[in-house]
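All values derive from a computational prediction rather than experimental measurement. Hydrogens, waters and symmetry mates play no part in the numbers below; they use all other heavy atoms, side chains included.
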Amino acid sequence: MDQMGNLTIQDETAGASSPISEPRKQKKKKVLLMGKSGSGKSSMRSIIFSNYIAKDTRRLGATIDVDLSHVKFLGNLTLNLWDCGGQDAFMENYLSQQRQHVFSNVGVLIYVFDIESRDFDRDLLTYRSIIAALSQFSPTASVYILIHKMDLVVPNQREDIYNDRVSLIRSKSDAFDPTPFATSIWDQSLYKAWAEIIHDLVPNLDQIEKHLGSLGKLIMAEEVLLFERTSFLVVSSWTSNAIFTADKDHPAQNPTYDRNERLSNIIKNFKQSTSRYTGTPKSAEQFSVFDLKMPNFCMFLIKFTTNTYLGVVLPPGEERYNAAKLNCYIAREQFEDLDSPAKKSADRGATTESSEATS
């Protein structure tokens, strides 16, 4: 265990300057959340970013015009989330009078289709008009398609219906190559979709992943997970090669391929329960350390940087467990640097604001 006494994570990129020496750059990414009225846009947004649970979304009303929110994500990324009302009158207004205002500088379009829609052909026409406007003002935007409320479809028909809808949507997407997801607010599929969307937006992601891998190897972990503090979405993860089979999508010791999303869901529900029984706000810090010790594995979750939690999975063993937790606390400073100043130039849908870095 000597190798775990002092933990130093170094950036191996040649010629890279220290993040602390650079001006702090605030990135803003414009995200359009669109779809017909009643498709479930506001419900999913409330679950992911406002700590709602599924049953609580029933009391949410229809979105009127545009509900604009600024979601701070990993320190130097702010999502300008435009939840656009889906009523016909609003859609017509977005495509005419507000066309340039709504569709300029878009980083990501998330379009939600209700699987229960009785007029899917009309939904496609609206989507086609949205894509045309996006192509005109933000041709480099990413497009994500959520086929929502899949829990309402008979299980043995879900795959066929989903594939059919995706094929039709792709045919109306012009030069864009939309990434599709089947989602429901009642399971972890919603977390999987939003985690991949956010993954596309996070600045410094390549450096975060490299440092996370270095940390995992140094503490001899089986898995390391980096969670965003508010949403508890998995921003990045690392898994030891030692626990993989030839099929790297299905680890030998953990066949649950969607375990990250399940864990996000479990933690969010745990925070809900804690909030309810302690009387603290849903958005408050509900815990700083969470320990789980089982006969065949151990896991801890700790408050890591200002905007993240760190989850670590280890083999059984008290000495290894304590040393790993201590070294994760030591590693906080290196990750705090990556969590705050951006080192990459602004890309699609982004604008930058610079101010002096704090020492």
Task: Ring centers of W238, H211 separated by less than 6.0 Å - done: no

Open item on the list: If you define the side chain from C-beta out and look only at heavy atoms, does anything of C328 sit under 4.5 Å from V312?
Closed with: yes

TODO: Can you sort out the partners of S129 under side chain to side chain contact (heavy atoms under 4.5 Å, CB included), two or more places apart, ordered by chain and number?
DONE: L95

Task: Heavy-atom side-chain contact between L301 and D291 under 4.5 Å - done: no

TODO: Mark yes or no for whether K30, through its side chain, and V102, through its backbone, hold a donor-acceptor pair below 3.5 Å.
DONE: yes

Open item on the list: Holding to side chain to side chain contact (heavy atoms under 4.5 Å, CB included), I want the full list of residues that pass it with E92, two or more places apart in sequence or in another chain.
Closed with: none

Open item on the list: Is any side-chain heavy atom of Y144 closer than 4.5 Å to one of Y111?
Closed with: no

Open item on the list: As a quick check of understanding, evaluate side chain to side chain contact (heavy atoms under 4.5 Å, CB included) for I161 and I115, giving each step before the final call.
Closed with: CA-CA 9 Å; I161 292 176; I115 196 67; 3.6 Å; yes

TODO: Assess the side chains of Y191 and N260: does a donor N or O sit below 3.5 Å from an acceptor N or O?
DONE: no

TODO: Indicate if M299 and M294 have the same hydrophobic cluster label, given that clusters are the connected sets of ILVMFWY residues with side-chain heavy-atom separations under 4.5 angstrom.
DONE: yes

Task: Heavy-atom check, side chain of Y127 versus side chain of S173, under 4.5 Å - done: yes

TODO: Ignoring hydrogens and angles, tell me if any N or O in the side chain of N327 forms a donor-acceptor pair with the backbone of A323 under 3.5 Å.
DONE: yes

Residues 174-183 side chain polar contacts: donor-acceptor under 3.5 Å, at least two apart:
| from | atom 1 | to | atom 2 | distance (Å) |
| --- | --- | --- | --- | --- |
| D174 | OD1 | R128 | NH2 | 3.4 |
| D174 | OD2 | R128 | NH1 | 3.1 |
| D174 | OD2 | R128 | NH2 | 3.2 |
| D177 | OD1 | R170 | NH1 | 2.9 |
| T183 | OG1 | H148 | ND1 | 2.8 |

Open item on the list: Donor-acceptor pair, distance only, cut-off 3.5 Å: does the side chain of S171 make one with the backbone of L168?
Closed with: yes

Task: M44 and V112, any side-chain heavy atoms less than 4.5 Å apart - done: yes

TODO: Using atom types as modelled and distance alone, determine if a side-chain donor or acceptor of S135 lies under 3.5 Å from a backbone N or O of I131.
DONE: no

Open item on the list: Does any part of the side chain of Q136, heavy atoms only, come nearer than 4.5 Å to the side chain of Q100, both counted from C-beta?
Closed with: no

Task: Nearest-0.5 Å distance, CG of residue L33 to CG of residue D83 - done: 5.0 Å

Task: Positive for ring-ring contact (aromatic ring centres under 6.0 Å, His included) with Y309, one of F227, F232, F304 - done: F232

Open item on the list: Run the side chain to side chain contact (heavy atoms under 4.5 Å, CB included) test on I145 and V166 for me, step by step, so that the C-alpha distance in whole Å, both residues' side-chain angles and the decisive distance to 0.1 Å come before the verdict.
Closed with: CA-CA 8 Å; I145 300 300; V166 169; 5.9 Å; no

TODO: Look at the side chain of S237 and the backbone N and O of L225, then say whether any donor-acceptor pair between them is shorter than 3.5 Å.
DONE: no

TODO: Go through W194 and I110 one step at a time and tell me if the side chain to side chain contact (heavy atoms under 4.5 Å, CB included) criterion holds.
DONE: CA-CA 10 Å; W194 278 90; I110 304 170; 3.6 Å; yes

Open item on the list: Counting C-beta onward and ignoring hydrogens, is there a side-chain heavy-atom pair between P315 and E222 closer than 4.5 Å?
Closed with: yes

Open item on the list: Which residue is it: K36, K41, K149, R165? I am looking for the one with a salt bridge (charged side-chain N to carboxylate O under 4.0 Å, His left out) to D114.
Closed with: K149

- [ ] Report the distance from atom CD1 of I208 to atom CZ of F335, rounding to the nearest 0.5 Å.
- [x] 8.0 Å

- [ ] Give the cluster check for Y329 versus L215: same hydrophobic cluster or not, with ILVMFWY residues linked at side-chain heavy-atom distances below 4.5 Å.
- [x] yes

TODO: Report, as yes or no, whether the 6.0 Å neighbourhood of atom CD on Q157 holds more than 12 heavy atoms from other residues, nucleotides or ligands.
DONE: yes

Task: Enclosure of E159 CD (heavy-atom neighbours >12, cutoff 6.0 Å) - done: no

Open item on the list: Looking at S138 and F103, would you say the former's side chain and the latter's main chain have a donor-acceptor pair under 3.5 Å?
Closed with: yes

Task: Nearest atoms (heavy-atom pairs only) where G216 meets V224 - done: CA-CG2, 3.7 Å

TODO: Would you confirm whether K303, through its side chain, and T305, through its main-chain N or O, come within 3.5 Å as a donor-acceptor pair?
DONE: yes

Open item on the list: Count I, L, V, M, F, W, Y as connected when their side-chain heavy atoms are under 4.5 Å apart, and connections chain through other members. Are I130 and L125 then in the same cluster?
Closed with: no

Open item on the list: With a 4.5 Å cut-off on side-chain heavy atoms, are L124 and I169 touching?
Closed with: yes

Open item on the list: Grouping I, L, V, M, F, W and Y whenever their side-chain heavy atoms are under 4.5 Å apart, do L263 and L292 come out in a common cluster?
Closed with: yes

Open item on the list: Looking at every heavy atom in both A221 and L314, which two are closest together, and how far apart are they?
Closed with: CA-CD2, 3.6 Å

- [ ] Kindly write out the residues that satisfy side chain to side chain contact (heavy atoms under 4.5 Å, CB included) with E209, not counting sequence neighbours, or none if the list is empty.
- [x] H199, L205, S236

Open item on the list: Once salt bridge (Lys or Arg N to Asp or Glu O under 4.0 Å) is applied, do any residues pair with D121, and if so which ones, sequence neighbours excluded?
Closed with: none

Open item on the list: Could you check whether any side-chain N or O of R99 sits under 3.5 Å from a backbone N or O of Y94, counting only pairs where one atom can act as donor and the other as acceptor?
Closed with: no

Task: Lys NZ or Arg CZ of K325 over F300 ring: under 6.0 Å, within 45° - done: yes

- [ ] Using atom types as modelled and distance alone, determine if a side-chain donor or acceptor of S214 lies under 3.5 Å from a backbone N or O of K210.
- [x] yes

- [ ] Not counting sequence neighbours, which residues clear side chain to side chain contact (heavy atoms under 4.5 Å, CB included) with S184? List them please.
- [x] D151, W186, D187, S189

Open item on the list: I'd like to know whether K29 forms a side chain to side chain contact (heavy atoms under 4.5 Å, CB included) with N80, so could you lay out the CA-CA distance, the side-chain angles of the two residues, the decisive distance to 0.1 Å, and finally the verdict.
Closed with: CA-CA 6 Å; K29 297 272 187 156; N80 288 343; over 6 Å; no

